[in-house]
Amino acid sequence: MKYFSTRDTDIRVSAANAIAKGLSADGGLYVPEVLPTLPDGALKNLCGMSYMQRAVYVMSMFLDDFTTSELTNYTNRAYSTVGFDTPDIAPVYSIDDTTHFLELWHGPTCAFKDMALQMLPYLLTSSLKKIGEDKDVCILVATSGDTGKAALEGFADVEGTKILVFYPQDGVSDIQKLQMTSQSGSNVGVCAVKGNFDDAQTGVKTIFSDELLRNELAKRGWMLSSANSINWGRLLPQIVYYISAYCDLVNSNNISIGDKINFCVPTGNFGDILAGYYAMKMGLPVNKLICASNMNDVLTDFIDTGTYDRNREFFTTISPSMDILVSSNLERLLFDISGYDDVLIREYMLKLSNEGRYTVSDDIKDAIKSVFAAGYCDDDETKNVINRTFSEKNYLIDTHTAVAYGVLEKYRNSTGDNTISVVVSTASPYKFCDSVLSAIGEHVDEHGLALIDLLEHRTGVPAPMPLKNLNKKVVRFTDSVERNQLTEKVLDFLK
Ligand SMILES: *Cc1c(COP(=O)(O)O)cnc(C)c1O
């Protein structure tokens with residue numbers, strides 16, 4: 001199966017090429033030329049499989065230049081109990097008959113980014129071999145908090161790679177910052193950017209489009225690649241857990257095969273929910289995909305009105321991994337919904353970069369609305385949801401998951417749709433202790449790691465080991481740069 005660029009369908013590359021390159025040279029994102037569909041009986045078979053087997057099954061439908069034994073090898077290493085604290089890998093937790101939480105934070109960094117970034121290093125390094133690339137690869141990451149750590153953990157000490165992570169200086173939690181700045185490994189670098197996530201992301205995108213820099217790095221034996229969710233190798237592993245959650249609900253007798261369910265997804269760059277859309281297009285029975293935002297509600301407005309407008313105030317919220325105004329992966333949805341109209345996508349994306357806004361046609365708007373619903377929660381509502389969920393259901397959720405659950409409740413109230421719903425739970429509450437503690441009514445005057453003990457003591461919910469063990473780590477990286485100095489940092493890192 002070939003992959004083409006959302007901005008030029010004449011560009012056709014192999015899966016290995018798409019994963020190795022990350023982003024197409026025309027600025028477009030790689031998408032599969034045809035979405036494979038689950039054959040009759042596949043869901044039933046998948047129900048009888050482990051998470052690892054489900055991952056092999058689903059990924060091999062998209063990666064015909066990888067053998068089943070290669071994929072089995074990668075999956076066994078990526079999704080094992082070495083890195084994950086449960087053999088279920090992505091368990092579903094039910095708070096009542098119609099509300100289920102897909103817990104994607106049982107991996108080494110306690111956020112859902114692990115689901116893809118434990119897998120990506122295998123896919124990427126073998127893709128490079130398959131295309132005959134002899135340069136080493138440097139992964140550049142702009143992170144709103146969780147990607148950075150998950151990418152560092154995935155690529156640490158992977159042969160033939162280096163990884164450099166940029167994070168917004170004041171845009172991540174204490175725990176997130178410490179997780180990154182204490183990362184071990186001889187091939188890793190971490191640097192703060194004086195700005196917000198969009199500044200960091202724009203800086204990294206500029207580097208990728210800098211021909212002179214690329215040539216200079218090539219002379220030094222390096223090529224650049226990305227671990228952001230624009231890379232197909234990041235998105236693909238995420239399709240698996242939607243299908244896996246469905247199977248788990250079948251196995252627990254909450255649904256029967258064929259029943260449609262909703263997924264409500266806390267959304268930033270639109271990668272996670274897009275994977276749900278692809279799962280649906282493959283034949284997973286889905287009623288609605290509900291796109292949940294925090295105060296940075298650019299996607300809520302877009303889905304409601306058809307106008308995407310990033311010209312608005314940027315808010316720093318208690319769900320920082322969703323503090324994003326330009327959701328890169330939306331381009332892939334538009335490409336699919338428009339019937340692969342690359343000319344139209346180029347037009348929208350040009351408008352986005354020139355004017356910061358574009359309006360889709362009514363057809364596209366209606367097609368999006370037939371699948372997606374959207375809503376947002378502000379910080380007070382989010383805390384309220386955490387509080388209620390803990391006091392009424394004895395279930396502790398993080399700020400991002402709470403945004404999604406809050407949006408699901410609003411959606412249910414306004415539509416009366418009581419379809420069985422899965423809230424995609426994207427982080428351990430222990431990654432955002434200060435906000436979670438204050439949500440459950442605790443006065444917080446300490447900060448950093450002390451809060452982990454406090455939250456544990458207050459709730460009786462055990463903290464994940466990787467976070468508990470942070471107090472044994474030392475900070476290795478303290479650099480920060482201005483937002484226009486990322487290039488110098490890269491040159492220095494690869495000297
Ligand atoms: C990255 C992240 C999100 C947003 O996911 P996208 O794929 O960017 O939409 C939500 N919650 C958490 C905890 C995250 O780390």
Side-chain angles (χ1 to χ4, degrees), residues 29 101-117 120 141-153 165 167-168 171-173 175-176 179-180 197-198 200-201 226-232 234-239 241-242 263-279 289-294 296-300 302-303 317-333 372 374 376-377 382 386 397-407 423-433 435-436 464 467:
L29 310 186
F101 288 77
L102 170 57
E103 296 182 345
L104 300 178
W105 39 263
H106 289 275
T109 77
C110 312
F112 96 98
K113 304 294 195 290
D114 287 329
M115 300 306 298
L117 283 163
L120 182 66
V141 182
T143 184
S144 57
D146 293 326
T147 303
K149 175 61 183 178
L152 287 162
E153 195 64 41
V165 170
Y167 68 92
V172 301
S173 78
I175 308 244
Q176 287 177 313
Q179 279 187 298
M180 289 189 278
F197 171 68
D198 282 321
Q201 175 156 267
S226 147
N228 281 81
S229 59
I230 49 180
N231 191 312
W232 180 252
R234 259 282 303 270
L235 213 46
L236 176 57
Q238 298 183 207
I239 298 174
Y241 51 71
Y242 285 92
F263 286 96
C264 186
V265 189
T267 298
N269 227 354
F270 209 76
D272 197 359
I273 194 165
L274 181 73
Y277 174 77
Y278 285 145
L289 294 168
I290 304 163
C291 175
S293 300
N294 61 27
N296 297 296
D297 59 346
V298 57
L299 285 165
T300 313
F302 171 66
I303 290 169
T317 72
I318 58 171
S319 44
S321 300
M322 298 158 70
D323 290 347
I324 292 178
L325 291 182
V326 180
S327 300
S328 308
N329 271 300
L330 190 61
E331 180 168 343
R332 284 188 164 113
L333 177 72
F372 290 87
Y376 72 96
C377 282
T382 305
I386 294 173
I397 55 179
D398 95 291
T399 48
H400 305 75
T401 308
V403 167
Y405 188 30
V407 167
V423 175
V424 176
S425 176
T426 49
S428 158
Y430 281 91
K431 278 197 101 162
F432 304 95
C433 289
S435 306
V436 172
L467 297 180

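Heavy atoms only: backbone and side chains are in, while hydrogens, waters and symmetry mates are out. Indexing begins at 1, ligand by ligand and atom by atom, following the structure's order.
Judged purely by atom type and a 3.5 angstrom limit, Asp398 uses its side chain to pair as donor or acceptor with the backbone of His400.
Residues meeting the ring pair (Phe, Tyr, Trp, His ring centres under 6.0 Å) test with Phe101, sequence neighbours left out: Tyr395, Tyr405. Among residues two or more places apart in sequence or in another chain, the ring pair (Phe, Tyr, Trp, His ring centres under 6.0 Å) test is passed with Tyr167 by none. Listed by chain and number, the residues in a side chain to side chain contact (heavy atoms under 4.5 Å, CB included) with Ala275 are Gln238, Ile239, Tyr242 (sequence neighbours excluded).
Using a heavy-atom distance under 4.0 Å as the criterion, the protein contacts of ligand 1 are Phe112, Lys113, Asp146, Pro266, Thr267, Gly268, Asn269, Phe270, Gly271, Asp272, Ser321, Met322, His400, Thr426, Ala427.
Under the 4.5 Å side-chain criterion, counting only non-hydrogen atoms from C-beta, Cys433 is not in contact with Val436.
Between Phe112 and Tyr241, the ring planes lie perpendicular to each other; the angle is over 60°, past the 30° to 60° tilted range.
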